[in-house]
There are 2 protein chains.
Amino acid sequence: MSERTAVEPVQACPIAPVVDLVFSRWTTPILWTLNEYGRQRFVELERRIGVITPKVLTQRLRQLERDGLVQRTYFPEVPPRVEYEITDLGRSLAPLFHSLAEWSPNLAKVEESRAHYDTHEPPHRRP
Amino acid sequence: MSERTAVEPVQACPIAPVVDLVFSRWTTPILWTLNEYGRQRFVELERRIGVITPKVLTQRLRQLERDGLVQRTYFPEVPPRVEYEITDLGRSLAPLFHSLAEWSPNLAKVEESRAHYDTHEPPHRRP
DNA sequence: CTGTATCCCAAGGGATACTG
DNA sequence: CAGTATCCCTTGGGATACAG
């Protein structure tokens, strides 16, 4: 047969797995809070994040625990106490978060672009 | 009244807006492909990304265009030609992607952690 | 080629209530 | 306090067909 594809399909970009791990829903605020405020209890996390429900917070914490980014410690007291802490592996994401934060000022340009896009005639688009 | 909250609620972590912008579904592979292979046509993007449907690709490209991360250029020919290119603003994300890629080797540790988690008795958990 | 238009569907998240 | 258990419901993505 002839050369079929001048363009070879690329399954996924190489950073996709990391993105899935670190930037799936709720993981960023959780990790950021744990990194910022240190070891804390379930209810503290819940309050700091503000809008998350306990069900979802539990789900995410379990996932992060399984992934080795968060350490869970149980104290058999009454009332029960559980503390969550970011691990060394989790902390190794700090430079990444730092990069994110450093890019933040560019959000202003994004806002500009959106405003321009929304107020001008679009380039050619189908009727 | 008394001091109510020793723990102040935090709406969201400061990097959340950037995360929403850059790491929403499909945006990473699209930006990465544009950054890696340069200016290209719709169908090239479609093939390189591999599994995305035209509907979703269009949606994402429009969003990225509005956000100022991607530039769309229309050529009134027959058949029609449209080329997409990453903008300077989009390219300014490259260091971020680089940080991601640098962290990738740690995925092995994540895998280890998962394997350990799945094969061992969990710490205290409700019956 | 470059998209649009529909229909559909599951998956995940919110709300709420409850337990050890 | 630290979760579980249900129910519900939106949202977004896949499949498909079609148009300029």
Side-chain angles (χ1 to χ4, degrees), chain A residues 4-7 11-12 16 19-21 23-30 33-34 39-66 70-85 122-127, chain B residues 5-7 9 11-12 16 19-21 23-30 33-34 39-66 70-85 122-127:
Chain A
R4 310 250 320 298
T5 51
V7 174
Q11 314 74 323
V19 172
D20 288 346
L21 179 78
F23 301 112
S24 58
R25 189 137 175 79
W26 288 118
T27 58
T28 316
I30 292 173
T33 302
L34 284 173
R39 167 185 274 243
Q40 55 201 292
R41 310 178 66 163
F42 186 87
V43 71
E44 292 179 289
L45 268 173
E46 198 177 359
R47 286 177 187 151
R48 284 215 170 86
I49 295 174
V51 292
I52 198 170
T53 62
K55 185 189 81 171
V56 176
L57 180 54
T58 303
Q59 286 173 343
R60 263 37 281 200
L61 284 171
R62 290 287 179 277
Q63 175 194 318
L64 291 169
E65 187 190 4
R66 188 173 104 101
V70 162
Q71 168 72 39
R72 176 183 184 271
T73 312
Y74 170 79
F75 301 88
E77 310 169 348
V78 284
R81 181 161 57 105
V82 175
E83 291 186 351
Y84 291 93
E85 189 175 16
H124 175 79
R125 215 122 276 175
R126 192 114 4 217
Chain B
T5 48
V7 175
Q11 313 75 323
V19 172
D20 288 345
L21 179 78
F23 300 111
S24 57
R25 189 138 175 78
W26 288 118
T27 59
T28 316
I30 293 174
T33 302
L34 285 173
R39 166 185 275 243
Q40 55 202 292
R41 310 178 65 165
F42 187 86
V43 72
E44 293 178 289
L45 269 172
E46 198 176 358
R47 284 177 188 150
R48 285 214 170 87
I49 296 174
V51 292
I52 196 169
T53 63
K55 185 190 80 170
V56 176
L57 181 55
T58 302
Q59 288 175 343
R60 263 40 280 200
L61 284 171
R62 291 286 179 277
Q63 174 193 319
L64 291 168
E65 188 190 2
R66 188 172 103 100
V70 162
Q71 169 73 36
R72 176 183 184 271
T73 310
Y74 170 77
F75 300 89
E77 310 169 348
V78 284
R81 180 161 58 103
V82 174
E83 292 186 352
Y84 291 92
E85 188 176 17
H124 174 79
R125 216 121 278 175
R126 190 109 11 210

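It should be emphasised that the depicted structure is a prediction, and the values quoted were computed from it without experimental measurement. Chain naming here is simple, since letters A, B, ... match the order of the sequence lines and numbering starts at 1 in each.
- Ring planes of Phe23(A) and Phe23(B): parallel class, angle under 30° (limits at 30 and 60°).
- The CZ-C1' distance, from Arg60(B) to dT2(C), rounds to 18 Å in whole Å.
- If you check dT2(C), dG13(C), dC1(D) against the side chain of Val43(A), the one that comes closest is dC1(D).
- We find that CD1 of Ile52(A) is positioned 13 Å from P of dG3(D), with the value rounded to whole Å.
- The Val82(B) side chain lies nearest to dT2(C) when the options are dA2(D), dT2(C), dG14(C).
- By the 30° and 60° cut-offs, the orientation of the rings of Tyr74(A) relative to His124(B) is parallel.
- For Arg25(A) and dT11(D), the shortest distance from a side-chain N or O to OP1 or OP2 is not below 4.0 Å.
- If you measure from atom CD of Glu46(A) to atom C1' of dT16(C), you get 14 Å, rounded to the nearest angstrom.
- Nearest to the side-chain atoms of Arg62(A) among the listed nucleotides dA2(D), dT4(D), dC1(D) stands dT4(D).
- Between the CD atom of Gln59(B) and the C1' atom of dA5(C) there is a distance of 12 Å, rounded to whole Å.
- Listed candidates were dC1(D), dT2(C), dT4(C). Nearest to the side chain of Thr58(B) is dT4(C).
- For the atom pair Leu45(B) CG and Ile30(B) CD1, the distance stands at 7.0 Å (nearest 0.5 Å).
- Position along DNA chain D of the nearest nucleotide to Pro54(B) versus Arg41(A) favours Arg41(A) as the more 5'-ward residue.
- In this structure, the side chain to side chain donor-acceptor pair (under 3.5 Å) partners of Arg60(B), at least two apart in sequence or on a different chain, are Gln63(B).
- For Lys55(B) against dG14(D), a side-chain-to-base donor-acceptor contact under 3.5 Å is present.
- Residue Val56(B) places its side chain closer to dG14(D) than to any other of dC1(D), dG14(D), dG20(D).
- Of the candidate nucleotides dG14(C), dT2(C), dA2(D), dT2(C) has the atom lying nearest to any side-chain atom of Pro80(B).
- Close to dC1(D), at under 4.0 Å from its OP1 or OP2, lies a side-chain N or O of Arg47(A).
- The CG-C1' distance, from Asp20(B) to dG12(D), rounds to 15 Å in whole Å.
- Per the geometry, CD belonging to Glu44(B) stands 16 Å off C1' belonging to dG3(C), to the nearest Å.
- Distance, Gln63(B) CD to dG3(C) P: 16 Å, rounded to whole Å.
- In this view, Arg39(A) and Glu83(A), Glu85(A) satisfy the side chain to side chain donor-acceptor pair (under 3.5 Å) rule, not counting sequence neighbours.
- Within the 4.0 angstrom heavy-atom criterion, only backbone atoms of the sugar-phosphate kind lie near Tyr84(A); the bases stay farther away.
- The interatomic distance linking Glu77(B) (CD) with dT2(C) (P) rounds to 10 Å, in whole Å.
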